[in-house]
Participant: 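Take this structure first; my questions come after.
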Amino acid sequence: MRRKTYLKSITLLLFLLTFMSYGQEGHSEEQLLEGSKADKETEMKEYILHHLKDSYDFGLYSYTAENGETKHVSFPLPVILWDNGLKVFMSSKFHHGEEVAEVGGNYYKVYHSKIYKVDGPNGKINEDEHHHATNEKPLDFSVTKNVALIFMVFVILFFMFKRMAQSYKKNNNLPMGIGRLLEPIVLYVRDEIAIPNIGEKHYKKYMSYLLTVFFFVWIVNLFGLTPIGMNVTNNIAVTLCLALITYIITTFSGNKNYWKHIFWMPGVPVPMKIILAPIELLGTFIKPFALMIRLYANITAGHIVLMSIIGMMFIFNNWIGSSLSFVLAFVLAILELLVAVLQAYIFTVLSALYFGMAVEEHHDEAH
Amino acid sequence: MGNIPEIVGAGLIVIGAGIGIGRIGGSAMEAIARQPEATGKIQTAMLIAAALIEGIAFAALFAK
């Protein structure tokens with residue numbers, strides 16, 4: 001009975017966190033109520049764009065104080081730069097991007113979520129005609145908001161699965177506690193994703209990657225819906241890395257049969273083989289590219305739509321329009337919970353499909 | 001209003017993807033109604049096909 005309540009409370013917690021986040025995001029938009037409608041719309045647009053970006057501090061929320069100042073509530077994160085030597089400092093030096101940070105005789109400024117070098121304490125960012133900064137950019141290895149969340153998810157996953165493994169040891173191979181929650185999911189990934197797509201013979205080698213990517217994408221997506229409001233998977237660099245790993249594993253586990261189907265397709269006339277080879281080769285790059293775009297675009301689009309509808313509550317500012325947008329936002333938030341797991345599932349299934357193609361054994365000549 | 005072609009293009013992409021995913025969903029429903037015992041397999045195939053269309057649609061939307 002205790003275990004059941006444990007499971008239930010986890011589900012409830014995840015559910016509640018989702019709605020809290022949008023409540024909080026809405027809260028900081030309240031300040032936009034004053035001013036004309038057009039003003040509100042541009043501010044809303046900026047707010048949404050800002051929300052989608054990575055940042056150097058772990059911002060919780062901001063509000064306007066009584067004296068008209070904008071206050072930010074956030075944790076600073078370490079900034080690591082390589083600019084003729086390693087420079088490490090906390091992002092609080094930037095004062096939320098409003099001030100120039102001085103480190104070891106160099107001056108840095110944040111401009112559109114990127115760090116640039118400026119001349120002095122009152123240095124300015126120079127722009128070209130396309131509004132791109134022309135200042136020098138130091139090599140940036142900072143622990144930004146996204147990196148911090150990736151570390152956090154790493155720790156969470158590690159402890160979750162360590163506890164699961166320990167519970168098997170303790171209870172004669174019976175899962176206890178968190179293992180009860182995870183075992184069906186792990187089995188699902190094995191029986192419904194890995195074995196049908198890769199095959200009985202080879203699937204074991206790929207299970208570790210498939211499980212890691214499934215749980216990583218899922219949990220990261222869920223965190224994107226929580227009040228801390230960090231969206232790792234709508235950063236294209238993260239999805240690029242995930243897709244790149246899939247590509248590398250596929251390429252290195254490709255057997256003779258796989259390469260033969262790419263460069264010298266059996267069963268078609270020779271001129272056709274020559275035409276098919278570059279297309280098939282291009283196909284190997286397009287597959288991981290589509291993986292990258294799919295995850296990135298789904299999460300980004302979901303966040304933009306959801307935030308826009310929440311923003312509409314404040315633009316309408318009357319009880320009919322606002323309550324309609326509220327209901328719409330509520331339903332969409334539930335849909336986003338589904339999308340979070342669906343995208344993790346799709347990513348895993350397609351990865352498994354590609355691995356399956358790479359290790360497929362040579363079967364009879366009749367295709 | 002210089003971006004009308006872009007907007008119309010985005011609309012066309014969404015219509016195309018919508019028709020595609022709608023047809024997949026409809027066919028999957030029919031298939032499940034005929035063979036309820038194959039629900040799991042049909043759903044997997046349906047999701048993969050839908051994801052492939054969606055991937056193309058997103059690539060087109062973002063590649064303007």
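Here is how names work: the chains are called A, B, and so on, in the same order as the sequence lines, proteins then strands, and each is numbered from 1.
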Participant: Pick one of side chain, backbone, both or neither for Tyr345(A), based on which atoms fall under 4.5 Å of a heavy atom in chain B.
Facilitator: side chain
Participant: If you count heavy atoms of other groups shown closer than 6.0 angstrom to CZ of Phe289(A), is the number above 12?
Facilitator: no
Participant: Select one option (side chain, backbone, both, neither) describing which atoms of Gln343(A) are under 4.5 Å from chain B's heavy atoms.
Facilitator: side chain
Participant: Search all heavy atoms of Ile346(A) against all heavy atoms of Leu47(B) and return the closest pair with its distance.
Facilitator: CD1-O, 3.6 Å
Participant: Name the region of Ile286(A), side chain, backbone, both or neither, that has any atom closer than 4.5 Å to a heavy atom of chain B.
Facilitator: neither
Participant: To the nearest 0.5 Å, what is the distance between CG (Asn197(A)) and CD1 (Ile48(B))?
Facilitator: 6.0 Å
